[in-house]
Protein chains: 2
Amino acid sequence: MGPALSPTATPEFQVTPRACPPAPPVDPTADPDEELARLAAAMGHPARIRILRFLLERRECFAGAIVDHLPLAQSTVSQHLKVLREAGLIRGEVDGLHICYCADEERIRRVGELLDAMVLLAAGNAR
Amino acid sequence: MGPALSPTATPEFQVTPRACPPAPPVDPTADPDEELARLAAAMGHPARIRILRFLLERRECFAGAIVDHLPLAQSTVSQHLKVLREAGLIRGEVDGLHICYCADEERIRRVGELLDAMVLLAAGNAR
DNA sequence: TTCCCATATCGTTCATTTGCGATCAACGAC
DNA sequence: GTCGTTGATCGCAAATGAACGATATGGGAA
């Protein structure tokens with residue numbers, strides 16, 4: 001459970017001070033079953049899906065807007081953001097006073113790819 | 001948490017005594033966020049992904065083969081099967097002495113559809 | 001400096017999940 | 001009938017997750 005998010009210390013995501021897209025680290029889980037399960041688990045809560053959708057609609061936004069958008073306490077939302085962040089599904093970046101989050105579309109699409117790979121590979125024999 | 005699976009009582013899935021494909025009930029969750037979260041949660045465990053992959057590879061097989069294929073106790077596998085069953089991702093059917101399970105490819109593909117809908121709908125504005 | 005604002009994190013509580021062994025119910029064989 | 005086999009369910013313990021309020025941190029404003 002590393003040191004985690006802190007604007008000036010060793011943030012998990014603030015790899016570059018640019019806009020939101022600082023290339024995801026491409027988690028080296030190696031096992032596609034593990035990777036898919038991890039991603040699915042991160043998406044396995046309605047609040048987190050709502051956060052993802054919200055972030056996909058607005059291309060980006062700061063955390064406060066997400067909190068306002070959900071019927072949950074700020075600390076709870078923050079934890080959901082952490083789960084999504086650790087799965088690489090969203091990225092955040094310190095933008096002055098607040099933190100700008102955005103969805104990592106590539107990572108989200110990766111879920112679909114892993115799914116397709118599983119289904120198609122298997123259905124190859126009988127479909 | 002209803003009465004659940006029992007070959008002669010009120011099984012959850014044995015809707016027809018036919019082969020594996022007895023049309024899924026299409027859960028009426030209505031809210032796509034809830035539905036996606038439910039499906040994702042059901043897939044959010046490596047053992048369950050492995051079960052899905054296993055069932056997709058062999059088009060069908062009875063539960064014992066799944067147990068043999070995983071490093072888990074029979075009761076544990078049975079529970080994972082229950083989770084997958086309740087999410088509609090697999091279906092089982094009593095076949096003489098054992099139960100024949102098979103993956104519901106349509107339902108699995110539904111996950112990808114829900115994902116795509118979320119991403120594409122949102123990316124519509126800026127991609 | 002002091003104060004406020006925006007977020008993360010801590011600590012706690014409660015619910016859920018995971019895993020297991022043991023048991024139960026149904027079936028086929030005998 | 002009794003067995004053996006198959007697979008679900010129960011009961012439990014441990015681990016994890018969800019939600020919250022309270023607190024900490026760090027930057028901007030006054």
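Numbered from 1 within each chain, the chains take letters A, B, ... in sequence-line order.
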*Asks:* I need the NZ-P distance between B:Lys82 and C:dT16, as an integer number of Å.
*Replies:* 14 Å

*Asks:* Can you list, in residue-number order, the parts of residues 43-53 of chain B that come under 4.0 Å of DNA chain C, counting heavy atoms only?
*Replies:* B:His45, B:Arg48

*Asks:* Can you say whether the rings of A:His80 and A:His45 are parallel (under 30°), tilted (30 to 60°) or perpendicular (over 60°)?
*Replies:* tilted

*Asks:* What is the distance, to the nearest angstrom, from the CD atom on B:Glu93 to the C1' atom on D:dA8?
*Replies:* 17 Å

*Asks:* For B:Asp104, run the salt bridge (Lys or Arg N to Asp or Glu O under 4.0 Å) check against B:Arg109, B:Arg110, B:Arg91 and tell me which one passes.
*Replies:* B:Arg91

*Asks:* Nearest-Å distance, CG (A:Leu81) to C1' (C:dT9)?
*Replies:* 13 Å

*Asks:* Rounded to the nearest Å, what distance is computed from the CZ atom of residue A:Phe62 to the C1' atom of nucleotide C:dT7?
*Replies:* 12 Å

*Asks:* Apply salt bridge (Lys or Arg N to Asp or Glu O under 4.0 Å) to A:Arg107 and A:Glu86, showing your working.
*Replies:* CA-CA 12 Å; A:Arg107 199 106 178 99; A:Glu86 288 177 348; over 6 Å; no

*Asks:* Taking only side-chain nitrogens and oxygens of B:His98, does any of them come within less than 4.0 Å of OP1 or OP2 of C:dG28?
*Replies:* no

*Asks:* Looking at every non-hydrogen atom in both residues, tell me the closest pair between A:Pro46 and B:Glu34 and how far apart they are.
*Replies:* CG-OE1, 3.7 Å

*Asks:* Less than 4.0 angstrom from a charged side-chain N to a carboxylate O is my criterion; do A:Arg59 and A:Glu105 meet it?
*Replies:* yes

*Asks:* Please report, rounded to the nearest Å, how far the P atom of D:dT16 is from the CD atom of A:Glu86.
*Replies:* 14 Å

*Asks:* Identify all pairs in which a protein N or O lies below 3.5 Å from an N or O of nucleotides 20-22 of chain D, and state each distance.
*Replies:*
unit_1	atom_1	unit_2	atom_2	d
D:dC20	OP2	A:Ala73	N	2.9
D:dC20	OP2	A:Thr76	OG1	3.1
D:dC20	N4	A:Gln79	OE1	3.3
D:dG21	N7	A:Ser75	OG	3.2
D:dG21	O6	A:Ser75	OG	3.1

*Asks:* Could you state the CD1-C1' distance from B:Ile99 to C:dA25, rounded to the nearest angstrom?
*Replies:* 11 Å

*Asks:* Closest approach of B:Tyr101 and B:Leu81, non-hydrogen atoms and distance?
*Replies:* CE1-CD1, 3.7 Å

*Asks:* Taking only the side-chain nitrogens and oxygens of A:Tyr101, find out if one of them lies under 4.0 Å from OP1 or OP2 of C:dA6.
*Replies:* no

*Asks:* Would you mind reading off the distance between B:Asp95 atom CG and D:dT5 atom P, rounded to a whole angstrom?
*Replies:* 19 Å

*Asks:* Quick one: does A:Arg85's side chain have a donor or acceptor within less than 3.5 Å of a partner on A:Gly92's backbone?
*Replies:* no

*Asks:* OP1, OP2 of D:dA19 versus side-chain N and O of A:His80: anything below 4.0 Å?
*Replies:* yes

*Asks:* Do the charged groups of B:Glu57 and B:Arg50 touch, with an N to O distance under 4.0 Å?
*Replies:* no

*Asks:* Which heavy-atom pair separates A:Leu39 from A:Ala87 by the least distance, and what is that distance?
*Replies:* CD2-O, 3.5 Å

